[in-house]
Amino acid sequence: MKKKNSKIFSLRYIVLATLLFVGVVPVLVTGWFLSDQSGRELRGAEGRFQTELVRDKANRIEMFGDRYVRLVHGYKEMLEFPNTSELLSSDQTQEKLTKSVKNDVNLLALFVKPIQGESISAFRSETINQREIEIFSEGVLGDLSEKGVVVGQPEVIERNGEMVLAFGTPLYVEGELAGAVVAITSLYGLSTSIMDKQPASESELWENGAPIIFVVDEEGRAIVHPNSAHVTSRQPMKDLKIVQE
């Protein structure tokens with residue numbers, strides 16, 4: 001009798017184990033598969049989001065640059081149209097420069113420098129002075145050619161640490177180089193456009209799970225960064241793999 005009960009007891013275990021295997025294992029395998037698939041989908045979605053985010057920021061940078069390329073090119077066409085150098089130092093041109101600077105908060109200065117004659121400029125005196133305008137303009141004036149608009153290297157205004165960028169193009173009268181027009185712009189507007197809000201510290205961005213967005217120049221130095229100290233000091237960012245790549 002005991003032997004019979006033992007067989008029944010063993011049979012129950014076998015049946016129970018079989019039911020558990022048939023019922024639980026597929027659930028575990030399915031759960032693992034779905035979990036792995038969901039993880040891949042989430043990682044893929046995150047990757048697509050990051051790609052679109054970078055593409056959007058790159059488009060904003062291009063739009064910012066194109067705006068001032070068109071500005072100096074427009075002045076080039078206006079000043080070259082009469083085919084005379086008189087407009088390069090005229091009161092009419094001075095008025096137009098002043099109006100352009102007044103209507104654009106990111107435009108710090110417009111500078112027209114004839115080869116012969118006096119230079120004229122309009123600028124935001126609370127931010128930049130004539131000496132700084134001439135210094136920042138040198139970077140593009142030395143590279144001017146018939147190719148069109150030249151974009152200089154980012155520079156820092158000493159008094160407030162603001163980052164600026166110069167755009168310049170040559171002026172030709174009767175086929176001869178007669179001067180140049182230079183626009184100096186603040187990168188603050190570009191920075192706020194890229195960040196979508198007021199700059200925050202890196203620790204705050206990490207805590208909020210927000211992406212840290214920054215822009216470097218061709219030498220890997222920060223020109224837009226949530227930490228303004230990195231911009232002011234032209235912090236090298238080449239120690240980051242993404243910058244190295």
Side-chain angles (χ1 to χ4, degrees), residues 57-90 92-124 127-128 130-157 162-194 215-219 221 223-224 231 234:
K57 305 308 180 184
N59 288 337
R60 296 189 190 190
I61 294 173
E62 290 181 1
M63 290 173 62
F64 179 88
D66 287 344
R67 177 178 183 176
Y68 295 105
V69 167
R70 291 195 300 270
L71 176 68
V72 294
H73 186 72
Y75 270 99
K76 173 184 176 69
E77 291 183 338
M78 181 194 77
L79 296 172
E80 289 181 345
F81 178 72
N83 208 25
T84 174
S85 59
E86 292 180 3
L87 271 183
L88 274 60
S89 300
S90 70
Q92 179 185 356
T93 301
Q94 178 67 67
E95 292 176 4
K96 287 185 176 296
L97 298 180
T98 302
K99 184 176 180 180
S100 293
V101 172
K102 182 179 179 180
N103 292 337
D104 187 342
V105 295
N106 293 319
L107 183 59
L108 300 184
L110 275 170
F111 181 45
V112 177
K113 184 176 181 62
I115 290 179
Q116 295 181 350
E118 294 186 4
S119 302
I120 58 174
S121 62
F123 57 94
R124 298 182 180 276
T127 303
I128 194 170
Q130 186 67 41
R131 182 185 65 84
E132 290 169 325
I133 293 171
E134 294 179 359
I135 292 174
F136 298 150
S137 297
E138 289 177 359
V140 295
L141 292 177
D143 294 331
L144 292 180
S145 66
E146 296 181 2
K147 295 180 180 179
V149 178
V150 174
V151 182
Q153 293 294 323
E155 303 281 356
V156 177
I157 297 178
E162 188 167 349
M163 185 73 70
V164 299
L165 196 63
F167 298 76
T169 188
L171 301 172
Y172 289 88
V173 174
E174 297 182 351
E176 298 292 332
L177 182 63
V181 57
V182 178
I184 298 176
T185 65
S186 169
L187 292 181
Y188 177 77
L190 175 62
S191 176
T192 54
S193 173
I194 292 176
V215 181
V216 297
D217 61 16
E218 60 187 7
E219 296 180 354
R221 297 181 180 276
I223 59 176
V224 173
V231 176
R234 304 299 308 280

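Only heavy atoms go into these numbers, but all of them, side chains included; no hydrogens, no water, no symmetry mates.
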- Query: What closest approach, in Å, do L165 and P154 show between heavy atoms, and which atom pair accounts for it?
  - Reply: CD1-N, 3.7 Å

- If you look at every heavy atom in G148 and P170, which pair is closest and at what distance? O-CD, 3.6 Å

- Would F167 and V140 count as a side-chain contact (heavy atoms from CB on, under 4.5 Å) if you check the C-alpha gap in whole Å, the side-chain angles of each, and the deciding distance to 0.1 Å? CA-CA 7 Å; F167 298 76; V140 295; over 6 Å; no

- Message: Working to the nearest 0.5 angstrom, can you tell me the gap between L71 CG and D66 CG?
- Response: 12.5 Å

- Query: From I128 CD1 over to I157 CD1, what is the distance, rounded to the nearest 0.5 angstrom?
  - Reply: 4.5 Å

- Message: L87 vs F81, test: side-chain contact (heavy atoms from CB on, under 4.5 Å). Steps then yes/no.
- Response: CA-CA 10 Å; L87 271 183; F81 178 72; over 6 Å; no

- Rounded to the nearest 0.5 Å, what separation is found between the CG atom of L97 and the CD atom of Q94? 5.5 Å

- Verdict with reasoning, S89 to E118, per side-chain hydrogen bond (donor to acceptor under 3.5 Å, both in side chains): CA-CA 6 Å; S89 300; E118 294 186 4; over 6 Å; no

- Task: Taking atom NZ of K113 as the centre, report whether more than 12 heavy atoms of other residues, nucleotides or ligands fall under 6.0 Å from it.
- Result: no

- Query: Are the side chains of L187 and F64 in touch, meaning some heavy atoms are under 4.5 Å apart?
  - Reply: yes

- Task: Measure the spacing between NZ of K102 and CZ of R124 and express it to the nearest 0.5 Å.
- Result: 10.0 Å

- Message: If I compare all heavy atoms of A122 with all of V101, which pair ends up nearest, and what's the gap?
- Response: O-CG2, 3.5 Å

- Query: Could you give the distance from CD (Q92) to CD1 (I120), rounded to the nearest 0.5 Å?
  - Reply: 10.0 Å

- Note on the structure: Those residues at least two apart in sequence (or on a different chain) that pass side chain to side chain donor-acceptor pair (under 3.5 Å) with Q153 are E218

- Message: Determine whether a donor-acceptor pair (N or O, by modelled atom type, separation under 3.5 Å) exists between the side chain of Y75 and the backbone of K96.
- Response: yes

- Calculate, to the nearest 0.5 Å, the distance between atoms CG and OG1 belonging to L79 and T169 respectively. 10.5 Å

- Message: More than 12 heavy atoms of other residues, nucleotides or ligands under 6.0 Å from CD of Q130: yes or no?
- Response: yes

- Message: Would the distance check show the side chain of T185 and the main-chain N or O of N106 forming a donor-acceptor pair, the cut-off being under 3.5 Å?
- Response: no

- Message: Between D104 (side chain only) and S100 (backbone N and O only), is there a donor and an acceptor less than 3.5 Å apart?
- Response: no

- Task: Show your reasoning for whether side-chain contact (heavy atoms from CB on, under 4.5 Å) applies to T93 and L88.
- Result: CA-CA 7 Å; T93 301; L88 274 60; over 6 Å; no

